[in-house]
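Naming convention: chains lettered A, B, ... in sequence-line order (proteins, then strands); numbering from 1 in each chain.
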Amino acid sequence: MAELKMETLVSLCKRRGIIFPGSDLYSGLGGTFDYGPIGVELKNNVKKAWWRSVVYERNDIEGLDAAILMHPRTWVASGHVEGFTDPLVDCKVCKKRFRADHVEEKDFFAFKIFIQGEGDTWDETGQIIYAESKKAAKALLQTCSASLPSGKNVRVEQAEGQPFHGKRCPECGGELTEPRNFNLMFKTFVGPVEEDAATVYLRPETAQGIFVNFPAIMDTMRRKLPFGIAQIGKSFRNEITPRNFIFRTREFEQMEIEFFCKPGTDVEWYEYWVNERYNWYRRFGIRAENLRLRPHEKTELAHYARACKDVEYKFPIGWSELEGIANRGNFDLTQHQTFSGKDLTYFDEESRERYIPYVIEPSGGVDRTTLAFLADAYREETVRDRQRVVLALHPFLAPVKAAVFPLLANRPEIVETARKIAMDLKKEFYTVYDDTAAIGKLYRRQDEIGTPFCITVDVETLADQAVTIRDRDSMEQERIAIDKVAVRLHEKFKI
RNA sequence: GCGGGAGUAGUUCAGUUGGUAGAACACUAGCCUUCCAAGCUAGUCGUCGCGGGUUCAAGUCCCGUCUCCCGCUCCA
């Protein structure tokens with residue numbers, strides 16, 4: 001199959017009621033998307049798959065649903081008020097953008113640029129570049145020679161005058177704009193009168209809701225270390241550039257665990273969770289060749305993180321992060337202890353020690369994960385010289401679990417039987433009934449939204465009380481008694 | 001925010017030097033149809049992204065604006 005384009009996926013999602021652009025009626029609002037009737041099922045199933053594997057199938061994790069609005073001091077303690085801003089500068093010449101704190105302040109000298117004319121003469125171009133040495137100036141010429149005539153010899157000569165101390169574009173030596181701050185947190189107000197009200201933030205991550213509930217959960221659930229808290233919820237970031245469909249949006253959903261453990265055991269737990277989370281994506285169908293783990297470089301690590309690995313997926317846009325697993329040490333709890341004045345230490349009865357627990361944080365994006373499952377499931381196949389589009393989603397994730405069709409829509413007994421089967425199945429699975437097209441088209445419609453099983457009532461059904469169950473991927477059919485259908489489906493959905 | 005590209009039906013796209021908005025698929029209804037986008041008939045669908053301007057006349061030209069796509073940057 002040809003390389004999947006993001007547009008193809010976007011168009012399928014819109015056409016089949018999976019994902020729509022946000023506020024489309026009003027020409028859209030950047031960085032928002034709405035999950036349609038099929039999409040909400042898929043996304044909910046992704047969340048269920050996660051919750052099931054981290055909460056229900058284990059004994060050491062509790063669930064939580066904390067408020068989106070939190071006391072403003074939370075974000076002072078977490079470092080977001082101070083650090084969740086990016087001072088950015090733009091090069092006025094080559095238009096590249098840099099983090100202001102990543103650009104070094106140096107002494108720069110002015111260099112005139114000459115190009116070789118007839119014979120040995122050198123003509124001054126009038127262009128001036130700034131660099132800390134002649135060698136650096138020559139190097140810069142290599143990277144930004146586009147504005148100079150090609151095929152001519154070029155040289156630089158230091159101009160008269162004092163060195164200039166400050167920041168210049170690392171790419172071309174051009175002048176930079178003043179740094180501008182982008183605060184990535186959304187602000188709003190608590191209280192009806194804006195002027196009197198306290199400023200609060202829409203949480204930029206769900207993690208802090210977990211940290212502040214750590215003592216309450218430990219007490220009420222009689223927990224001892226090691227144990228974790230899992231939470232799924234919306235977060236908000238005023239992204240400068242939301243991009244790539246639901247990959248980066250301003251409003252997004254996270255699924256995060258904070259796993260609390262004894263200092264010294266953290267490295268082992270960190271490795272454990274990296275492995276655990278990687279396997280989760282595999283378990284629900286992501287192909288190994290599209291999934292990888294990427295350790296963060298030292299320079300890439302956040303100030304509080306001792307180690308971090310990303311689970312990356314090969315999206316149509318290239319390899320990108322689905323989830324980060326970080327060893328955060330005791331940074332967060334220490335901060336909250338300091339800012340709240342409450343004791344957040346843990347008394348370890350076994351070793352008779354008191355300490356602040358270390359934390360391992362597997363933090364994934366629900367929307368990104370949903371996108372990865374969609375991209376990984378997308379197939380274009382040729383069947384009898386016709387193309388079929390199929391979402392080969394894991395049955396647990398499939399939005400619609402079963403569809404029921406009458407083979408002949410003009411035979412009332414068949415239609416009635418099919419409707420009844422659909423109604424009965426609805427009590428156990430999300431099932432749809434459809435009779436508005438020929439059987440082939442009905443199958444293909446369900447293929448496009450990834451419905452794993454289609455049940456068809458035919459003429460024989462009236463005599464033998466049996467129907468066919470058609471498999472989405474193999475397109476093979478199995479004939480089975482009507483009263484065995486639900487049981488058979490339960491078997492197929494077992495994971 | 002900067003640079004580049006683009007917005008026409010649900011989708012993919014055509015639309016000439018400015019002169020009555022089109023195709024295919026999809027969708028709906030009926031007929032037909034004994035299992036993989038079958039056929040026939042009929043039908044719905046657009047303020048041509050939005051707002052101004054030029055013109056007798058704008059999908060087409062001009063200005064503004066919004067949105068999307070590709071890069072820079074950032075993260076779940």
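- Judged by a 6.0 Å distance limit and a 45° cone about the ring axis, A:R328 is not positioned over the six-membered ring of A:Y358.
- Heavy atoms of A:R15 sit under 4.0 angstrom from primed sugar atoms or phosphate atoms, though from no base atom.
- In this structure, A:K441 does not reach the B:C35 phosphate: none of its side-chain N or O atoms is under 4.0 Å from OP1 or OP2.
- Between A:R444 and A:K14, the residue whose closest nucleotide on RNA chain B is further toward the 5' end is A:K14.
- In this structure, A:L442 reaches neither bases nor backbone, as no heavy-atom distance under 4.0 Å exists between it and the strands shown.
- A:Y281 and A:N279 form no side-chain donor-acceptor contact under 3.5 Å, judged by distance and modelled atom types alone.
- When heavy atoms are screened at a 4.0 angstrom cut-off, A:E205 is found touching no nucleic acid atom at all.
- Here A:T468 lies in heavy-atom contact (under 4.0 Å) with a base.
- For the pair A:R292 and A:W319, the cation-pi criterion (under 6.0 Å, within 45° of the ring axis) is fulfilled.
- Aromatic stacking of A:F252 on B:A76: satisfied, with centres closer than 5.5 Å and planes within an angle under 30 degrees.
- A:F405 comes within contact range of no nucleotide atom at all, as no heavy-atom separation falls under 4.0 Å.
- No engagement by A:D447 is indicated, since no non-hydrogen atom pair under 4.0 Å with the nucleic acid exists.
- Judged by distance alone, the side chains of A:R445 and A:T436 do bring a donor and an acceptor atom under 3.5 Å apart.
- The nearest heavy atom of RNA chain B to A:E323 and to A:F245 marks one nucleotide each, and the one closer to the 5' end goes with A:F245.
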